[in-house]
Amino acid sequence: MTADVSSIQLPGLPTIYFIRHGETDWNKVGRLQGQTDVPINARGRQQAARNGGLLAEMADDIAECAFIASPLLRTRQTMEIVLKALGRRADDFATDERLKEINFGRWEGMTWKELKVTDRPAYDARYRDPWSVCAPGGECYADLSLRTRDWLASLTRPTVVVSHGGISRCLRGLVLSLPAAEVPHLDVPQDKIMLVDDGAVEWL
């Protein structure tokens, strides 16, 4: 699958405040986390507190928001910190399996540098086309984009979401109708909030 993400049609979307989980020790050293449960570290907690504090300053705008997160540990921990900053119960959110990070299959826990040595043919194939080539036993970005689109289509109200870098990329690809080849290379900051509103994306 190599078509533009714009070929996947979306309905009108409510406002979304998207937060990527805070840093983990695996992020710090470049290990592929995928769907492996890894906790956030001290810097990750600071990033989550920063984003929660910013949302608290926008309290009127998010008063009617739903709160939802990926069920993985690092996203749940981040959401708990965000909710505490808002003066809400730390468990006052739902989870959705569709918001999990891209599955890296047997590559989870490895670094790209290691994979260039241990699994070079598969590494080269995915490096050339991460949109349509999956990690062995895992997903590609085309798969993840369909999963993200399915979740977006289920939204019925403004939403604060804590999820992952891959989901962030696919969400922007869908909202902004980006070429598929661009999506896997989009920046995925952990210390900013991505505001999706009226077909536009803004970093806060």
Side-chain angles (χ1 to χ4, degrees), residues 1 5 8 16-41 43-45 47-48 51 67-82 93-115 119 122-123 126-127 129-155 159-175 178 180 182-194 196 201:
M1 182 174 179
V5 180
I8 304 172
I16 300 169
Y17 298 89
F18 183 99
I19 299 170
R20 186 186 174 199
H21 64 81
E23 184 187 79
T24 71
D25 286 346
W26 280 24
N27 286 143
K28 192 173 180 179
V29 299
R31 296 200 178 279
L32 301 179
Q33 293 176 119
Q35 298 183 6
T36 302
D37 261 339
V38 183
I40 59 175
N41 59 23
R43 186 182 182 202
R45 290 191 289 274
Q47 292 166 335
N51 290 328
F67 290 81
I68 188 164
S70 157
L72 296 178
L73 177 62
R74 56 193 183 272
T75 42
R76 289 187 287 109
Q77 290 177 324
T78 300
M79 179 64 92
E80 289 168 1
I81 293 170
V82 167
F93 66 98
T95 60
D96 194 309
E97 293 285 326
R98 293 171 293 186
L99 291 170
K100 284 184 174 181
E101 180 60 289
I102 190 169
N103 186 344
F104 280 107
R106 75 177 188 219
W107 286 356
E108 297 198 3
M110 304 286 287
T111 66
W112 292 116
K113 183 176 180 180
E114 290 168 343
L115 289 169
D119 206 356
Y123 168 90
R126 190 186 182 279
Y127 182 83
D129 185 10
W131 176 257
S132 55
V133 176
C134 300
E139 294 176 296
C140 61
Y141 271 90
D143 298 326
L144 188 62
S145 188
L146 291 172
R147 182 149 57 84
T148 305
R149 189 265 175 210
D150 189 49
W151 175 75
L152 286 171
S154 73
L155 298 182
T159 300
V160 174
V161 57
V162 178
S163 188
H164 304 271
I167 297 287
S168 168
R169 290 174 171 135
C170 290
L171 192 159
R172 275 173 284 168
L174 290 161
V175 170
L178 300 177
E182 292 183 14
V183 173
H185 307 291
L186 295 173
D187 191 29
V188 285
Q190 292 170 299
D191 59 350
K192 296 180 181 178
I193 297 172
M194 183 172 70
V196 179
V201 171

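Below, each value reflects all heavy atoms present in this structure, side chains not excepted, and no hydrogens, waters or symmetry copies. Note that the coordinates shown come from a computational prediction; the quantities given were computed from them, not determined experimentally.
- Between Glu97 and Pro71, the closest heavy-atom pair is OE2-CG, 3.7 Å.
- A donor-acceptor contact shorter than 3.5 Å links the side chain of Ser70 to the backbone of Leu72.
- Closest non-hydrogen pair, Val201 versus Val196, comes out as CG2-CG2, 4.3 Å.
- In this structure a side-chain-to-backbone donor-acceptor pair under 3.5 Å is present from Asp143 to Cys140.
- Expressed to the nearest 0.5 Å, how far CZ of Phe18 lies from OG1 of Thr159 amounts to 12.0 Å.
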Step-by-step side-chain contact (heavy atoms from CB on, under 4.5 Å) determination, Leu152 to Ile16: CA-CA 10 Å; Leu152 286 171; Ile16 300 169; 3.6 Å; yes
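- Residue pairs meeting the salt bridge (Lys or Arg N to Asp or Glu O under 4.0 Å) criterion with at least one member in residues 22-31, sequence neighbours excluded: Glu23-Arg43, Arg31-Glu114.
- If you take OG on Ser163 and NZ on Lys100, they are separated by 11.5 Å, rounding to the nearest 0.5 Å.
- Ile40 is listed as a side-chain neighbour of Ile81, based on a closest heavy-atom distance under 4.5 Å.
- Put simply, the side chain of Asp119 reaches to within 4.5 Å of the side chain of Arg106, judged on heavy atoms.
- Interatomic distance, CZ of Arg74 versus CG of Asp37, reported as 7.0 Å (0.5 Å rounding).
- Side-chain contact annotation: Ser168 with Arg172, donor-acceptor N/O pair under 3.5 Å present.
- For the atom pair CG of Leu146 and CG of Leu174, the computed distance is 8.5 Å after rounding to the nearest 0.5 Å.
- When all heavy atoms of Thr111 and Val29 are compared, the closest pair comes out as CG2-O, 3.9 Å.
- The shortest heavy-atom contact between His164 and Leu99 is CD2-O, 3.1 Å.
- The shortest side-chain heavy-atom distance between Pro39 and Gln77 falls under the 4.5 Å cut-off.
- Between Ile19 and Ile193, the closest heavy-atom pair is CG1-CG1, 3.9 Å.
- One distance of note links CD1 of Ile68 with OG of Ser154; it measures 6.5 Å at 0.5 Å rounding.
- Here the shortest heavy-atom pairing between Val38 and Gln33 reads CB-OE1, 3.5 Å.
- Qualifying side-chain hydrogen bond (donor to acceptor under 3.5 Å, both in side chains) partners for Thr36, counting only residues two or more places apart in sequence or in other chains: Glu108.
- Looking only at side-chain heavy atoms (C-beta outward), Ile167 and Trp151 stay at 4.5 Å or farther from each other.
- Considering only heavy atoms from C-beta on, Trp112 comes within 4.5 Å of Trp107 through its side chain.
- Judged purely by atom type and a 3.5 angstrom limit, Gln47 has no side-chain atom pairing as donor or acceptor with the backbone of His21.
- The shortest side-chain heavy-atom distance between Arg126 and Leu115 does not fall under the 4.5 Å cut-off.
- The backbone N or O of Val162 lies less than 3.5 Å from no partner atom in the side chain of Thr75, so there is not a single donor-acceptor pair.
- Here Asn51 contributes atom CG and Arg20 contributes atom CZ; the two are 12.0 Å apart, rounded to the nearest 0.5 Å.
- Remark: the backbone N or O of Tyr141 is not paired with any side-chain donor or acceptor of Ser145 at under 3.5 angstrom.
- Side-chain contact between Val133 and Tyr127 is absent, with no heavy-atom pair separated by less than 4.5 Å.
- By the 4.5 Å heavy-atom criterion applied to side chains, Leu178 and Leu186 are counted as neighbours.
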Glu139 and Arg147: CA distance, side-chain angles, deciding distance, salt bridge (charged side-chain N to carboxylate O under 4.0 Å, His left out) verdict: CA-CA 11 Å; Glu139 294 176 296; Arg147 182 149 57 84; 2.7 Å; yes
